[in-house]
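In listed order, ligands and their atoms are each counted from 1. Since we're looking at a predicted model, the values are computed, not measured.
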Amino acid sequence: MNIDIKLHKNDLPDDLELGNVIAVDGEFMGLNVRRDPLCLIQVSSGKSDAHIVQFDRSNYNAPNLVKILSDENVTKIFHYSRADLAHIKYYLKTETNNILDTKIASKLARSYSDNHSLKTLIKEFINIDISKQFQSSDFGGNLSPQQLKYCSNDVIFLHQIHEELTKILERENRIKLYKDCLKFLKTRVELDLALFRDDIWSH
Ligand code: MN
């Protein structure tokens with residue numbers, strides 16, 4: 001599979017046309033929002049392209065990217081958006097609107113499995129074995145070709161996977177439950193940012 005990978009410094013270019021449904025993922029220095037800075041945001045139009053934005057971490061000035069993330073008319077597909085949204089809100093100072101999430105969709109659709117990793121979904125729906133070797137690597141400095149390929153893999157399959165999961169959700173009458181879960185997402189991220197990390201519904 002030939003992927004068109006483009007690395008952009010600080011922001012997406014002015015004239016980029018990505019369409020109305022994009023896949024989005026982020027890479028950070030770790031999972032603790034305040035401690036671990038956002039390093040990259042990758043986006044894909046779903047046509048085997050990956051645009052990787054590497055931030056100037058002294059200012060996070062990325063108006064073109066922020067415009068797309070906040071735009072209600074552009075649908076954003078994430079895999080486990082919870083971590084990405086917290087970092088985006090904290091570092092890019094923007095809300096992300098109109099979100100779909102393949103991990104939540106998978107947990108509701110694929111109740112036959114307890115593995116909802118992106119690697120598993122790519123194997124099941126695309127039949128490709130991707131390497132997660134660079135998942136825990138240093139995205140803070142100069143990026144190797146292997147790192148660029150790794151973080152591109154995190155966005156290029158999301159359109160197709162979401163489409164397949166939606167078919168199952170519709171067949172099993174779970175699509176409304178999925179949509180209702182998505183409505184709570186912003187609140188879940190607000191809870192995380194307010195350090196209520198546990199499941200507030202648990203006893
Ligand atoms: Mn990723």
Taking distance alone, no hydrogens or angles, what donor-acceptor pairs closer than 3.5 Å link side-chain atoms of residues 89-96 to residues at least two apart or in another chain?
| residue | atom | partner | partner atom | Å |
| --- | --- | --- | --- | --- |
| Lys89 | NZ | Glu95 | OE2 | 2.7 |
| Lys89 | NZ | Glu190 | OE2 | 2.5 |
| Tyr91 | OH | Val33 | O | 2.6 |
| Tyr91 | OH | Arg34 | O | 3.4 |
| Lys93 | NZ | Tyr90 | O | 2.8 |

Checklist entry - Less than 4.0 Å between a side-chain N and a carboxylate O, is that true for Lys176 and Asp180? => result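 Yes.
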
Item to check | Geometric class of the Phe28/His87 ring pair [parallel <30°, tilted 30-60°, perpendicular >60°] | outcome: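 Rings of His87 and Phe28: parallel, as their planes differ by under 30°.
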
Next on the checklist: Tell me every residue that passes side chain to side chain donor-acceptor pair (under 3.5 Å) with Glu163, counting only those two or more places apart in sequence or in another chain.
Outcome noted: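 With sequence neighbours excluded, Glu163 shows a side chain to side chain donor-acceptor pair (under 3.5 Å) to no residue whatsoever.
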
Checklist entry - Cluster partners of Phe184, using ILVMFWY side-chain heavy atoms under 4.5 angstrom, listed by chain and number? => result Leu191, Phe196, Ile200, Trp201

Checklist entry - Given Asn20 and Asn73, is the side-chain hydrogen bond (donor to acceptor under 3.5 Å, both in side chains) satisfied, shown in steps? => result CA-CA 7 Å; Asn20 291 329; Asn73 297 313; over 6 Å; no

Item to check | Protein N, O or S atoms lying under 2.8 Å from the Mn ion (ligand 1), listed by chain and number | outcome: Asp25 OD2, Glu27 OE2, Asp154 OD2

